[in-house]
Structure formats: C-alpha cells, structure tokens
Protein chains: 2
Amino acid sequence: MRVKTLCLGALCLGDATGYDIKKLFENAFNHFHGASFGSIYPSLKKLEEQGHVSHRVEAGEKHPDRKLFHVTDEGRACFLSELAGTPASEQLRSESMVLLFFAHLLPTEILQQKLAEMETHYSEELNYLESLSECSNHTSGIDFTIGMGKSVLRAKLDYLHNHRKTLLASHRDLPDSPWNAGCEQNNQQAESSS
Amino acid sequence: MRVKTLCLGALCLGDATGYDIKKLFENAFNHFHGASFGSIYPSLKKLEEQGHVSHRVEAGEKHPDRKLFHVTDEGRACFLSELAGTPASEQLRSESMVLLFFAHLLPTEILQQKLAEMETHYSEELNYLESLSECSNHTSGIDFTIGMGKSVLRAKLDYLHNHRKTLLASHRDLPDSPWNAGCEQNNQQAESSS
DNA sequence: TCTATATATATCATTCTGATATATGTTGAC
DNA sequence: GTCAACATATATCAGAATGATATATATAGA
C-alpha cells in the first residue's frame, strides 16, 4: 500500500501536519508499516493536487509554521474505496532471520549477541504494545491489531527461549574463518574521519 | 539489508544465476525477505565491478544462455564481515493490519472477506514451511528460522480464530457510507480497455 | 495448434529510504 | 547562565527497490 494512501487514512482520523503523520507512523502504525518524511511530504503534495486533501497554515508562536491538512469528501471516499479494494497481504523484512539463516558462518560470540539483541527488541516492542492496549479509546479493529501484535511477539519470545540452547549447542566456530579480511567498501555505517 | 548483500549471501550457498537467486528469494528467503529482478541484476553487476563475484557464460542448448555467478574470496570475506556488523532488526509491512486498523470504515461483508483472505494466506504459508521442515539437509540456523516462522504463523491463526467473532460482533455497517463515490484515479489495478 | 508456464536477462518510470539542510523552542546539565 | 541535546516543523536529494514491461526459447497440456 502506497504511503499516499496511508496518509489519506491518517487524515481520516483527524486533521494533522506532515510531522504529526510521521509520529503516527512511528507510534501507532509502527508495528505494521513505516514511512519517512521523504515519502510523506511529497504524498501530501500530490494528494492536494488531486483534491483529496486541503491545508491551512497555522502561524507559529511557540513553534514553526504548521501546514494543517484536512481530508476532503472526495479524499475520504477515495480512501474507503481503496481500502475495500486492497487485498489482505503482508511481508516481513527481517535482518534477524537473515542473520540466523547464515548462523553457521558467524562466530559463536556474535551469534549470542544477535540472539540477545533480538530478545531485547521483541521485549521492548511487547512492552510498548502492552502500554498501548491500556488506553481505552480504541476501536475494536485497532484493539485487534494490537492484540495480534502482542500474540506474535509472545510467540517469538517463547520460540527464542525454547530453541536458543539447541541452536547454540549445534553451533561450532569455524577453525580459520577469514575474520580479518574485512571489506571496507561496504561497511560505510562506520565512522568517517573528522 | 541491501539486496546486494543478500545476493552475495545467496552465492555463498553455491554458484547461481540471477534467475536462481530470484527463486531463492521466492522460496527459502520468502518468509523474511523479498527482492525483484530489477534489484537483483543491477546488484550482480555492481558486485562484479567491485570484484566480489565473477561469472562464466554457459551456452544454452535447452535453455537461454546462463550467466553463472561465483563468489570470490574477497566477496566471501565481505559478506562475513557485513553479516557480523548487521544489527538484528525487523520490519513488517502488512496491508492486513492496515485494513483491520481501519475496520470501522469497512462494510461487514468486506471485513469478513479480508479476514478469510488472511486465514488462507497464513494457512498456505504454514503448509509451505511445514513442507520445508521435512527436508533434512538444513543447517541448524535454517531450521531455527523455519521453526520461528511456523510458530509465528500458528500464533496468527490462533489469534484470528479466537478473536474474529469478537471483532465482527462489535462491528456495525455505517448507515450511509459513500460507497458509490469511488475514486477512479487511484484504482488502476483494474482492467484497461483492450 | 495454441496457450500457458518455465527458463533466462535486462531496462525503466515511479516510489521509498535515509541523509541532509534549515529554523526555532524547550529542557536539563554543569 | 550558557550550551548541548532534543522536539517541532518543512523540504529536498542521491541512491535503492518495486513492479511492469520487453525479448527469446522450450516444454507441457488442452
């Protein structure tokens, strides 16, 4: 589903700025869909050109000027028909699973570290969803997505606890892996000279 | 994780063509990472420019010419160091959850249809993973990813069975939703005139 | 025979990410 | 009291990925 459509959906929940929508993607939507400023602002621009949203500028006193967006009737109708026409599907993009798929190529120490990272991430997200479900003003659909998310995270944590030892037990370090032959070309997440 | 890196990883499992790698993404990798031809072929090109892979052409008798790719020592070392440096993380992109998040805007009939679609997809993927785990030649890491996938799918199916009725019970059709005011501009998945 | 599917490579417009630039207000540290 | 870090707010851009399309041949089935 296009970010443009998601933005339209977000605005169906109430008027908002691009920044507000970004926060929605980081919070409420986060556990099933992300989006960056680089897609949100252009989307709002196009939606306005198509007449699906309009905006008014709120002059800032204690904050920068805000462009407050609002769905038009056409925009709302468009979102509803797109929603109904969207097939139910999902797609995972998991570095964790890639790491485990190639676990036999990793030294035991690193593998243990990755498993610990996974547990931390799953626990943190579960805590977040549990805090969300304490709020009482959700629609039943939203409660359903939160509940589904919690179930999935509990299943992941359980699986991790029950199978971690087995994985590590059958894991052996390779005797002479070329661990110092690292390739710098693609490790650009590292520090640059300052 | 970049498709380029995943291609390198795929080639660490054995020599392959771009087409073979696509099949790997569709099968083994499918439940945690996808990739299209439009990213695989350019990735292989760049990997070759960087000296991480090489290729030889197999002239085709019963098939088109094949470019069989092979990892170099540098490529293998590069993949290992990238793998170790990749943080464990994951990200879901789920149209199903978006649909449910906005369930209150959908007519009951459509909502039921989406829930049925979800169940079908989850069941099919579970069957696929169960058929995969019957093969006995997997590393323990691969078994772990398959097992995790199965656990997650079972959790999703359980949740769906246990909460479907509650969701539908609290769901009411809106009295006069503008269901005929559909917007054609964005419904371009429909048929074109022929 | 004719269609659909599988093998195989390649390109392209559109879309999305992740980084960066620009400004201002607030909060907390020292 | 100053200074860094963070939150609010908008916008753009290079690079990466998607999904579609083009091209060609072989096989299987209707």
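Worth saying up front: this structure is predicted, and the values here are computed from it rather than measured. First the proteins, then the strands, lettered A, B, ... as listed; each starts at 1.
- A:Glu124 pairs by the salt bridge (charged side-chain N to carboxylate O under 4.0 Å, His left out) definition with nothing, not counting sequence neighbours.
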**Prompt:** How does each nucleotide of nucleotides 17-23 of chain C score, in 5' to 3' order, for protein heavy atoms under 4.0 Å: base (B), sugar-phosphate only (S), or none (-)?
**Reply:** BB-----
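- Residue order along DNA chain C, read from the 5' end via each residue's closest nucleotide, puts B:Pro42 first among B:Pro42 and A:Met1.
- Rounded to whole angstrom, the span from the CD atom of B:Glu58 across to the P atom of C:dA8 amounts to 9 Å.
- Judged as a side chain to side chain donor-acceptor pair (under 3.5 Å), and not counting sequence neighbours, the contacts of A:Thr5 are A:Glu82.
- Sorted by first and then second residue, the salt bridge (Lys or Arg N to Asp or Glu O under 4.0 Å) pairs with a member in residues 131-156 of chain A read A:Glu130-A:Arg154, A:Lys156-B:Glu90; sequence neighbours excluded.
- An end-to-end axis angle of 40° holds for the helix from C:dT1-D:dA30 to C:dC30-D:dG1, taken from five base pairs per end and rounded to 10°.
- By the rule that hydrophobic residues join a cluster once side-chain heavy atoms approach within less than 4.5 Å of another member, A:Tyr159 and A:Val152 end up as members of separate clusters.
- With rounding to whole Å, A:Leu44 atom CG is found 13 Å from D:dA9 atom C1'.
- Here D:dT18 presents its C1' atom at 16 Å from OH of B:Tyr41, a figure rounded to the nearest Å.
- Distance from the side chain of A:Lys45 is smallest to D:dT12 among D:dA7, D:dT12, C:dT11.
- A donor-acceptor contact under 3.5 angstrom links the side chains of A:His55 and A:Glu48, judged on distance only.
- Side-chain atoms of A:His171 and A:Thr108 form a donor-acceptor pair, as typed in the model, at a separation below 3.5 Å.
- For the residue pair A:Glu119/A:His161, the side-chain donor-acceptor check at 3.5 Å is satisfied.
- As a whole-Å value, the separation of B:Leu6 CG from D:dA16 P is 15 Å.
- Each of B:Leu105, B:Leu99, B:Leu100 was checked for a side chain to side chain contact (heavy atoms under 4.5 Å, CB included) with B:Leu111, and the lone residue meeting it is B:Leu100.
- Residue contacts shown for A:Lys22 are absent, as no nucleic acid heavy atom lies under 4.0 Å away.
- Atom CZ in A:Arg66 sits roughly 9 Å away from atom C1' in D:dA9 (whole-Å rounding).
- For B:Glu26, the salt bridge (charged side-chain N to carboxylate O under 4.0 Å, His left out) criterion is met by B:Lys22, not counting sequence neighbours.
- If you take CG of A:Leu68 and P of D:dA9, they are 10 Å apart, rounded to a whole angstrom.
- The nearest whole Å value for the distance from the CG atom in A:Leu47 to the C1' atom in C:dT15 is 14 Å.
- We find that CG of B:Asp15 is positioned 14 Å from P of C:dA8, with the value rounded to whole Å.
- The listed nucleotides are D:dA9, C:dA8, C:dT15; the one nearest the side chain of A:Lys46 is C:dT15.
- Residue A:Tyr19 has no polar side-chain atom (N or O) positioned under 4.0 Å from OP1 or OP2 of D:dT10.
- Set against C:dT9, C:dT11, D:dA9, the side chain of A:Thr17 has D:dA9 as its closest nucleotide.
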